[in-house]
Amino acid sequence: MAIEPTKPHASAFTYFLVFGGLLILTATTVVVAYRPLGPFHTAAALAIAVAKASLVVLFFMHALESGRLVRLIILAALLGVGIMLAFTLADFWSRGVDLMIRNPG
Amino acid sequence: LQADNPLLAHHFADLHQQHEAATLGMWTFLATEVLFFGGVLTGYTVYRSQYPEEFQAASERLSVPLAATNTVVLICSSLTVVLALHAAKSGRKELVPLFLAATLVLGLGFLGIKFYEYSLDYREHLIPGSDYQPEGWGPLPLGSAELFMTFYFILTGLHAVHMLVGMGVLVWLLTGALRGRYSERNFTAVEVFGLYWHFVDIVWIFLFPLLYLVRH
């Protein structure tokens with residue numbers, strides 16, 4: 001008998017659709033890097049990376065079909081990274097910490 | 001009852017519970033991996049915000065075409081892994097080894113391109129240390145550019161080690177798949193491996209813009 005007899009799973013067509021989306025987003029991030037976006041380069045690159053990662057997590061890793069525990073773990077991971085980034089950067093960006101690197105010559 | 005099912009370990013009530021426990025275990029491990037890579041990337045963010053020009057100038061020495069090709073290679077390998085799982089779930093067990101073998105070939109291709117890139121970095125004196133001497137470097141300080149290259153080698157190196165571990169497991173999966181082990185009755189190992197492989201793909205999805213496409 002099958003392991004999950006009641007759960008329907010995504011079709012191969014969905015996987016190819018997601019694959020196409022990932023390729024288009026990869027091309028977009030390269031093209032965008034060579035456009036005059038000024039200070040918005042990093043934000044655009046990160047937004048595209050987050051979109052690609054979301055496609056992989058939701059469809060290839062089946063987070064959409066997974067139970068509550070899996071969603072809880074994903075949220076916990078994101079929260080952990082969020083706390084690490086937010087508190088570290090709040091410190092470095094607000095207190096004028098000297099990160100001087102020895103620059104020979 | 002399923003008590004006599006050879007696929008069921010004795011400490012699980014049924015196959016469904018066994019499957020849930022295995023995938024949940026991998027998800028938990030991946031959450032720790034997010035923090036593992038996240039720690040290095042936090043350090044990267046702190047220093048990049050301090051030395052934006054130097055990080056950009058150092059990044060422009062890296063090959064965007066090679067890295068973009070590798071991004072596509074990894075996305076293709078994620079597709080083949082998910083198709084291997086789909087084939088097993090749909091009972092088409094003869095397709096499972098084909099898709100797993102394709103994944104292995106794509107993984108090898110990624111590492112081959114990465115190795116070629118490292119050899120270019122070596123020839124262009126981009127390895128941090130006493131040999132770090134990018135040709136025609138302008139007035140910007142070298143030390144912080146060297147720090148960017150340190151992040152580059154640590155991040156891509158850790159990623160490559162994850163690829164190697166994944167490919168070791170993949171060889172084991174493939175030998176089982178060639179003997180017809182995976183089907184709609186037994187696909188947990190393929191699924192758990194897939195979760196890991198997709199995560200390694202996601203790491204690269206972030207490394208590509210953060211290392212190769214630094215613009216301010």
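Looking at K52(A) and F206(B), their side chains never come closer than 4.5 Å, going by heavy atoms from C-beta outward. Using a 4.5 Å heavy-atom cutoff, the side chains of H62(A) and L195(B) are not in contact. In this structure, the side chains of M61(A) and W27(B) come closer than 4.5 Å at one or more pairs of heavy atoms.
Your options are G194(B), S49(B), G91(B), and the one with the most heavy-atom pairs under 4.5 Å with chain A is S49(B). When the candidates A68(B), A67(B), S78(B) are compared by the number of heavy-atom contacts under 4.5 Å with chain A, S78(B) comes out ahead.
In this structure, the portions of A53(A) lying under 4.5 Å from any heavy atom of chain B include both its backbone and its side chain. For T29(A), the parts lying under 4.5 angstrom from a heavy atom of chain B are both the backbone and the side chain. For L37(A), no part lies under 4.5 angstrom from a heavy atom of chain B. Heavy-atom distances place the side chain of F208(B), and not its backbone, under 4.5 Å from chain A. Looking at L41(B), there are no atoms closer than 4.5 Å to chain A (heavy atoms on both sides), in backbone or side chain. Contacts of I202(B) with chain A are made by side-chain atoms alone, with heavy-atom separations under 4.5 Å and no backbone atom involved. Only the side chain of L30(B) comes within less than 4.5 Å of a heavy atom of chain A; its backbone N, CA, C and O stay farther away. Contacts of V34(B) with chain A are made by both backbone and side-chain atoms, with heavy-atom separations under 4.5 Å. Contact annotation for V50(A): both backbone and side-chain heavy atoms come within less than 4.5 Å of a heavy atom of chain B.
The distance from atom CG of N70(B) to atom OG1 of T26(A), rounded to the nearest 0.5 Å, is 12.0 Å. The distance from the CG atom of L83(B) to the CZ atom of F19(A) is 9.5 Å, given to the nearest 0.5 Å. Distance check, rounded to the nearest 0.5 Å: CG of L89(A) to OG1 of T45(B) gives 6.0 Å. The distance from atom CG of L210(B) to atom OG1 of T42(A), rounded to the nearest 0.5 Å, is 8.5 Å. From F40(A), atom CZ reaches atom NE2 of H216(B) across 13.5 Å, with rounding to the nearest 0.5 Å. Here CD1 of I205(B) is found 8.5 Å from CG of L55(A). Values are rounded to the nearest 0.5 Å.
Residue T28(B) is tested with V70(A), L69(A), I73(A) for a side-chain contact (heavy atoms from CB on, under 4.5 Å); the sole match is I73(A).
Sparse packing is recorded around CZ of F16(A), with 12 or fewer heavy atoms of other residues, nucleotides or ligands lying under 6.0 Å away. Other residues, nucleotides and ligands contribute over 12 non-hydrogen atoms within 6.0 Å of the CD atom of E94(B). Within a 6.0 Å sphere centred on CZ of R92(B), other residues, nucleotides and ligands contribute 12 heavy atoms or fewer. In F29(B), the CZ atom is crowded: over 12 heavy atoms of neighbouring residues, nucleotides or ligands sit closer than 6.0 Å.
Nearest heavy atom pair, residue V81(A) against residue L35(B), reads N-CD2, 3.6 Å. When every heavy atom of Y15(A) is checked against every heavy atom of L79(B), the shortest pair comes out as O-CD1, 3.7 Å.
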Go through it in stages, so that I can follow the logic: the residues are L22(A) and V72(B), the test is side-chain contact (heavy atoms from CB on, under 4.5 Å), and I'd like the CA-CA distance, side-chain angles, deciding distance and then a yes or no.
CA-CA 9 Å; L22(A) 288 170; V72(B) 172; over 6 Å; no
